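Reading through the C-alpha coordinates given below for one structure.
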Amino acid sequence: MERRTTAYVYGTAARRLQSEPARRIEREPGGRPRRRPETRPKRRVDRGAVVLTAITFAIALTICYYYLQLQFQNTYLSKSVVSLEKEVLEMEKENSNELHTLEEGVDLNAIYKKATKELGMKSAKSDQVYEYESKKSTQIRLHNQ
(Lines give C-alpha, C1' and ligand atoms only; values in the text may rest on other atoms or scores of the structure.)
Protein backbone atom coordinates (compact mmCIF):
# COMPACT_ATOMS: atom_id res chain seq x y z
CA MET A 1 0.00 0.00 0.00
CA GLU A 2 1.26 3.19 -0.97
CA ARG A 3 0.83 6.04 1.16
CA ARG A 4 0.14 9.38 -0.35
CA THR A 5 1.05 12.45 1.48
CA THR A 6 -0.62 15.70 0.81
CA ALA A 7 0.49 19.00 2.08
CA TYR A 8 -1.84 20.68 4.48
CA VAL A 9 -2.33 24.41 3.82
CA TYR A 10 -3.39 26.74 6.57
CA GLY A 11 -5.65 29.61 5.59
CA THR A 12 -6.99 29.92 2.11
CA ALA A 13 -6.22 27.64 -0.72
CA ALA A 14 -5.68 30.51 -3.13
CA ARG A 15 -2.14 31.29 -4.02
CA ARG A 16 -0.71 34.71 -3.57
CA LEU A 17 0.67 35.98 -6.76
CA GLN A 18 2.40 38.98 -5.38
CA SER A 19 2.64 39.60 -1.78
CA GLU A 20 2.57 43.23 -0.72
CA PRO A 21 5.09 44.35 1.76
CA ALA A 22 3.65 45.14 5.16
CA ARG A 23 2.87 48.81 5.56
CA ARG A 24 4.74 50.55 8.16
CA ILE A 25 3.20 53.51 9.96
CA GLU A 26 5.77 56.14 10.47
CA ARG A 27 5.29 57.93 13.68
CA GLU A 28 6.24 61.46 14.59
CA PRO A 29 8.51 62.01 17.51
CA GLY A 30 5.49 62.91 19.64
CA GLY A 31 4.14 59.41 19.29
CA ARG A 32 1.28 60.34 16.98
CA PRO A 33 0.97 58.92 13.50
CA ARG A 34 1.52 61.39 10.68
CA ARG A 35 -1.50 62.39 8.72
CA ARG A 36 -1.57 62.09 5.03
CA PRO A 37 -1.78 65.32 3.18
CA GLU A 38 -5.33 65.84 1.92
CA THR A 39 -5.79 65.56 -1.78
CA ARG A 40 -8.85 67.83 -1.78
CA PRO A 41 -8.45 71.44 -0.73
CA LYS A 42 -10.60 72.52 2.22
CA ARG A 43 -13.90 74.04 1.27
CA ARG A 44 -14.13 77.64 2.34
CA VAL A 45 -17.28 79.59 2.97
CA ASP A 46 -18.01 82.15 0.31
CA ARG A 47 -18.09 85.58 1.98
CA GLY A 48 -20.51 86.94 -0.58
CA ALA A 49 -23.03 84.20 0.23
CA VAL A 50 -22.71 84.91 3.95
CA VAL A 51 -23.24 88.64 3.42
CA LEU A 52 -26.21 88.02 1.13
CA THR A 53 -27.77 85.65 3.68
CA ALA A 54 -27.23 88.17 6.49
CA ILE A 55 -28.81 90.96 4.44
CA THR A 56 -31.78 88.72 3.58
CA PHE A 57 -32.36 87.88 7.23
CA ALA A 58 -32.04 91.54 8.21
CA ILE A 59 -34.65 92.52 5.63
CA ALA A 60 -36.97 89.71 6.73
CA LEU A 61 -36.68 90.74 10.39
CA THR A 62 -37.31 94.39 9.49
CA ILE A 63 -40.43 93.46 7.54
CA CYS A 64 -41.65 91.30 10.44
CA TYR A 65 -41.05 94.16 12.89
CA TYR A 66 -43.02 96.67 10.81
CA TYR A 67 -45.80 94.11 10.24
CA LEU A 68 -46.14 93.55 13.98
CA GLN A 69 -46.07 97.30 14.59
CA LEU A 70 -48.89 97.81 12.07
CA GLN A 71 -50.91 95.00 13.63
CA PHE A 72 -50.51 96.61 17.04
CA GLN A 73 -51.55 100.00 15.66
CA ASN A 74 -54.55 98.41 13.92
CA THR A 75 -55.65 96.77 17.17
CA TYR A 76 -55.19 100.02 19.10
CA LEU A 77 -57.21 102.01 16.55
CA SER A 78 -59.97 99.40 16.51
CA LYS A 79 -60.28 99.64 20.27
CA SER A 80 -60.35 103.44 20.15
CA VAL A 81 -63.05 103.35 17.43
CA VAL A 82 -65.17 101.08 19.60
CA SER A 83 -64.81 103.44 22.58
CA LEU A 84 -65.70 106.46 20.41
CA GLU A 85 -68.75 104.65 19.04
CA LYS A 86 -69.91 103.98 22.60
CA GLU A 87 -69.42 107.66 23.41
CA VAL A 88 -71.46 108.69 20.35
CA LEU A 89 -74.27 106.32 21.32
CA GLU A 90 -74.34 107.80 24.83
CA MET A 91 -74.46 111.34 23.40
CA GLU A 92 -77.29 110.40 21.03
CA LYS A 93 -79.22 108.94 23.95
CA GLU A 94 -78.71 112.11 25.99
CA ASN A 95 -79.75 114.28 23.02
CA SER A 96 -82.91 112.28 22.37
CA ASN A 97 -83.81 112.44 26.09
CA GLU A 98 -83.27 116.21 26.14
CA LEU A 99 -85.30 116.64 22.94
CA HIS A 100 -88.12 114.59 24.40
CA THR A 101 -88.02 116.71 27.55
CA LEU A 102 -88.16 119.93 25.50
CA GLU A 103 -91.03 118.68 23.36
CA GLU A 104 -93.01 117.75 26.46
CA GLY A 105 -92.43 121.21 27.92
CA VAL A 106 -93.80 122.98 24.84
CA ASP A 107 -97.58 123.07 24.37
CA LEU A 108 -98.17 123.71 20.67
CA ASN A 109 -101.87 124.42 21.15
CA ALA A 110 -101.12 127.15 23.67
CA ILE A 111 -98.57 128.72 21.30
CA TYR A 112 -101.09 128.63 18.42
CA LYS A 113 -103.80 130.28 20.53
CA LYS A 114 -101.47 133.00 21.76
CA ALA A 115 -100.15 133.68 18.23
CA THR A 116 -103.58 133.86 16.58
CA LYS A 117 -105.67 135.52 19.32
CA GLU A 118 -103.26 137.78 21.15
CA LEU A 119 -100.78 138.64 18.42
CA GLY A 120 -103.18 138.54 15.46
CA MET A 121 -101.19 136.13 13.30
CA LYS A 122 -102.86 134.23 10.48
CA SER A 123 -101.90 131.06 8.61
CA ALA A 124 -100.01 131.54 5.36
CA LYS A 125 -101.90 131.10 2.09
CA SER A 126 -100.64 128.71 -0.57
CA ASP A 127 -99.48 131.56 -2.85
CA GLN A 128 -97.33 132.96 -0.01
CA VAL A 129 -95.32 129.75 0.46
CA TYR A 130 -92.24 129.30 -1.71
CA GLU A 131 -90.21 126.09 -1.80
CA TYR A 132 -86.57 125.91 -2.81
CA GLU A 133 -83.75 123.42 -2.61
CA SER A 134 -80.76 124.45 -0.60
CA LYS A 135 -77.32 123.72 -2.00
CA LYS A 136 -75.89 123.79 1.49
CA SER A 137 -76.25 121.16 4.14
CA THR A 138 -79.66 120.71 5.71
CA GLN A 139 -78.17 120.93 9.18
CA ILE A 140 -78.83 124.05 11.21
CA ARG A 141 -76.26 125.54 13.52
CA LEU A 142 -77.46 127.18 16.67
CA HIS A 143 -75.25 129.77 18.29
CA ASN A 144 -75.64 131.04 21.83
CA GLN A 145 -77.34 134.40 21.94
Side-chain angles (χ1 to χ4, degrees), residues 6-145:
T6 57
Y8 186 76
V9 178
Y10 291 99
T12 63
R15 294 184 199 169
R16 292 186 181 176
L17 297 176
Q18 288 182 346
S19 62
E20 293 181 21
R23 290 190 181 177
R24 204 174 89 187
I25 300 175
E26 295 181 21
R27 296 183 180 257
E28 292 181 4
R32 293 184 184 159
R34 271 192 282 170
R35 292 187 179 180
R36 286 186 186 174
E38 292 185 19
T39 56
R40 277 190 265 157
K42 288 185 180 179
R43 297 181 108 191
R44 295 185 183 199
V45 179
D46 185 22
R47 289 182 185 170
V50 171
V51 170
L52 182 64
T53 304
I55 290 172
T56 304
F57 278 118
I59 290 172
L61 288 175
T62 304
I63 289 172
C64 289
Y65 173 76
Y66 283 116
Y67 177 75
L68 289 175
Q69 189 176 11
L70 288 174
Q71 286 296 335
F72 174 75
Q73 189 177 11
N74 188 18
T75 304
Y76 176 75
L77 290 176
S78 296
K79 288 181 180 181
S80 65
V81 165
V82 168
S83 67
L84 289 174
E85 285 177 347
K86 286 180 183 177
E87 190 176 329
V88 166
L89 287 175
E90 289 176 12
M91 288 179 149
E92 285 178 351
K93 243 187 217 181
E94 289 176 10
N95 284 344
S96 66
N97 289 339
E98 292 294 326
L99 180 64
H100 186 64
T101 304
L102 286 174
E103 286 176 353
E104 286 179 354
V106 175
D107 185 16
L108 295 178
N109 289 330
I111 292 173
Y112 182 77
K113 285 180 184 176
K114 185 169 186 169
T116 55
K117 292 183 180 175
E118 291 180 22
L119 300 175
M121 294 178 76
K122 295 183 183 178
S123 298
K125 296 180 184 174
S126 61
D127 62 342
Q128 294 176 327
V129 177
Y130 298 102
E131 293 183 8
Y132 70 98
E133 285 189 33
S134 174
K135 295 180 182 176
K136 294 184 179 180
S137 174
T138 59
Q139 296 178 352
I140 299 173
R141 290 188 196 177
L142 295 177
H143 299 284
N144 291 338
Q145 295 177 352

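Quick caveat: nothing in here was measured; it's all calculated off a predicted structure.
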Value rounded to 0.5 Å, distance of OG in S123 from OH in Y112: 4.5 Å
Drop me the distance from L77's CG to F72's CZ, to the nearest 0.5 angstrom. 9.5 Å
Calculate, to the nearest 0.5 Å, the distance between atoms CG and OG1 belonging to L70 and T75 respectively. 10.5 Å
Under the rule for side chain to side chain contact (heavy atoms under 4.5 Å, CB included), what residues qualify as partners of E94, not counting sequence neighbours? none
Atom pair CD1 (I111) and CE (M121), whose distance is rounded to the nearest 0.5 Å: 11.0 Å
Would a 4.5 Å heavy-atom cut-off, applied to side chains only, mark S78 and N74 as touching? yes
May I ask you to check whether over 12 heavy atoms, not counting those of Q71, lie within 6.0 Å of atom CD? yes
Just wondering, do Y66 and Q69 contact through their side chains at under 4.5 Å, heavy atoms? yes
Mind listing the side-chain donor-acceptor pairs of residues 96-106 below 3.5 Å, one per line with the distance, residues two or more places apart or on another chain?
| from | atom 1 | to | atom 2 | distance (Å) |
| --- | --- | --- | --- | --- |
| S96 | OG | E92 | O | 3.3 |
| S96 | OG | K93 | O | 2.9 |
| N97 | ND2 | K93 | O | 3.3 |
| H100 | NE2 | E104 | OE2 | 2.6 |
| T101 | OG1 | N97 | O | 2.8 |

So, taking the atom named OG1 in T56 and the one named CG in L61, what distance separates them when rounded to the nearest 0.5 Å? 11.0 Å
